[in-house]
Amino acid sequence: MFALADVNAFYASCEKVFRPDLRGKPVAVLSNNDGCVIARSAEAKRLGIKMGMPWFQLRQMQLPEKLHIFSSNYELYASMSNRVMSHLEELAPRVEQYSIDEMFLDIRGIDNCIDFEDFGRQLREHVKNGTGLTIGVGMGISKTLAKSAQWGSKEWPQFHGVLALSPGNRQRTAKLLSLQPVGEVWGVGNRLTKKLHAMGITTALQLAQSSPAFIRRNFSVVLERTVRELNGEPCISLEETPPPKQQIVCSRSFGERITTYDALRQAICQYAERAAEKLRGERQYCRHIAVFVKTSPFAVNETYYGNVASEKLMNPTRDTRDIIAAAVKSLDRIWLDGYRYAKAGVMLNDFTPTGVSQLNLFDEILPRAHSEQLMKALDSINHSGLGKVWFAGRGIAPEWQMKREMLSPAYTTRWSEIPVAAIR
DNA sequence: TCTGGGGTCCTAGGACCC
DNA sequence: TCTGGGGTCCTAGGACCC
């Protein structure tokens, strides 16, 4: 038996925890660069604020009530996420963190001492008391059913955020699935929904009742698993230890369009530096470095340009200097004059756990001297909180830096930004 | 003027091997 | 008339998730 715990309107709720004056008020959080809406409080949803709505459109809308808007504050959300996860772990020993605001819990056997839904209410209360955030809990015999239950717990207020689909109660499961649109099923996105609709499959129950062989023939093994999971046959297990990453991406839209090579090279250097830092954090080495650049796909009066180039290294590396060099070399192959670039990024692939390539034992190219020590020194300075050092290629305070004009304080991670309670 | 970022998995097709 | 079989690896593209 799995439980899925998910924080309601996570980013918007984090903003509200430290702003009691916003209780009952509509709140929305914007994506990086203050681009579009990525989280809404219940009140904002009721106002009709849609996910993905661009901010420049939203700000022109006539709303019956003031909407409180925030830039993304990932420092705050990551810290609040850690608090939620550790509270959940206190009540359930085997867990898998699935996303920044979701946790799968192994709750096998828990019904020997407590009713599943009573346990769900305990989880809810514990997290609420410790963090100020409200979670929804769904339970089922497979991860997909737990997800469906969690969807139901939000859909009908009478469940008060906790819904269990016990294996014994098949009718309850069928009832819920008959009410769940197929597009709300975990693993069924936009494209699959369209194709399923065309075949007359519109509810989760109809999908569950399709033959797995038929689904595999017409779709793929992935959707076949979903069908089996909906029928209470678990195909996706709990992953307590996350598998090592296979890819690291660092990309960003620019606060304002980039038109010069020098500015774009600075951006690429900055992303390469950050990607290399993440790579060392994963204790990995990489052999493949790719760079992409693109203009805005929304600009109707400009011709679109997007391209990608990559470098394959003889020896795996995690030295920032190697990664910057490969990234700039790639950029030089795809840079074109005369475009207004909106976004760029650096991607690392082909990871190995050590820096020595066995195929190149007789190579003349020797690794850089003291590379490990230098990178270690760099990372420890940058993690010390005392200040930062960086490579000059990245430039200083560039004008294309991403926009965050409505950023809230880092209430939980910076002493200088800790909330102050005034006593009268 | 202005539309996010970071991941995973699967499949098909081509290159290449013996 | 008629030109094999079986495999691996890599890449690109498409789908999904939050």
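Residue numbers start from 1 in every chain, and the chains themselves are labelled A, B, ... in the order their sequence lines are given, proteins ahead of strands.
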Could you state the atom-to-atom distance from [atom1] of [X] to [atom2] of [N] in whole Å?
X      : N      : atom1 : atom2 : result
A:R191 : C:dC17 : CZ    : C1'   : 16 Å
A:I215 : C:dC16 : CD1   : P     : 14 Å
A:K294 : B:dT3  : NZ    : P     : 13 Å
A:Y11  : B:dG4  : OH    : C1'   : 10 Å
A:N307 : C:dA12 : CG    : C1'   : 14 Å
A:F292 : C:dA12 : CZ    : C1'   : 16 Å
A:K143 : B:dT8  : NZ    : C1'   : 13 Å
A:L192 : B:dT11 : CG    : C1'   : 14 Å

For [X], report the nucleic acid contact type (base, sugar-phosphate, nothing); a contact means any heavy atom under 4.0 Å.
X      : result
A:R216 : nothing
A:R404 : nothing
A:K147 : sugar-phosphate
A:D34  : nothing
A:N33  : nothing
A:R59  : nothing
A:E256 : nothing
A:L30  : nothing
A:W186 : sugar-phosphate

is_close_aromatic(A:F119, A:F116), centroid dist under 6.0 Å: no
What about A:W186 and A:F104, are their ring centers closer than 6.0 Å? yes
Evaluate the side chain to side chain donor-acceptor pair (under 3.5 Å) criterion for residues A:D34 and A:S71: first the C-alpha distance (whole Å), next the side-chain angles of each, then the deciding distance (0.1 Å), finally the verdict. CA-CA 6 Å; A:D34 293 341; A:S71 303; 2.7 Å; yes
Please determine if a side-chain N or O atom of [X] lies less than 4.0 Å away from the OP1 or OP2 oxygen of [N].
X      : N     : answer
A:S251 : B:dG6 : yes
A:K343 : B:dG5 : yes
A:R252 : B:dG6 : yes

Among [options], the one nearest [X] by side-chain distance:
X      : options              : result
A:E102 : B:dG5, C:dC18, B:dT1 : C:dC18
A:V222 : B:dG6, B:dT1, B:dC10 : B:dC10
A:S99  : B:dG6, B:dG4, C:dC18 : C:dC18
A:S220 : B:dT3, B:dG6, B:dT11 : B:dT11
A:I38  : B:dG4, B:dC10, B:dT1 : B:dG4
A:N32  : B:dG4, B:dT1, B:dT8  : B:dG4
A:Q246 : B:dG6, B:dT3, B:dC9  : B:dC9
A:Q57  : B:dT1, B:dG6, B:dT3  : B:dT3

Within 45 degrees of the axis of the six-membered ring of A:F219 and under 6.0 Å from its centre: does A:K195 put its NZ or CZ there? yes
Sorted by position of nearest nucleotide on DNA chain B, 5' first, the leading residue of A:Q60 and A:V221 is A:Q60
I want to confirm an ordering. Mapping A:R257 and A:Q247 to their closest nucleotides on DNA chain B, which one lands closer to the 5' end? A:R257
Can you tell me the Watson-Crick or wobble partner of C:dA12, both distances under 3.5 angstrom? B:dT11
Going by side chain to side chain contact (heavy atoms under 4.5 Å, CB included), A:V227 matches just one of A:I215, A:V185, A:T144. Which one? A:I215
Heavy-atom check, side chain of A:V84 versus side chain of A:D101, under 4.5 Å: no
Where the side chain of A:R46 meets the backbone of A:P26, is there a donor-acceptor pair that is under 3.5 Å apart? no
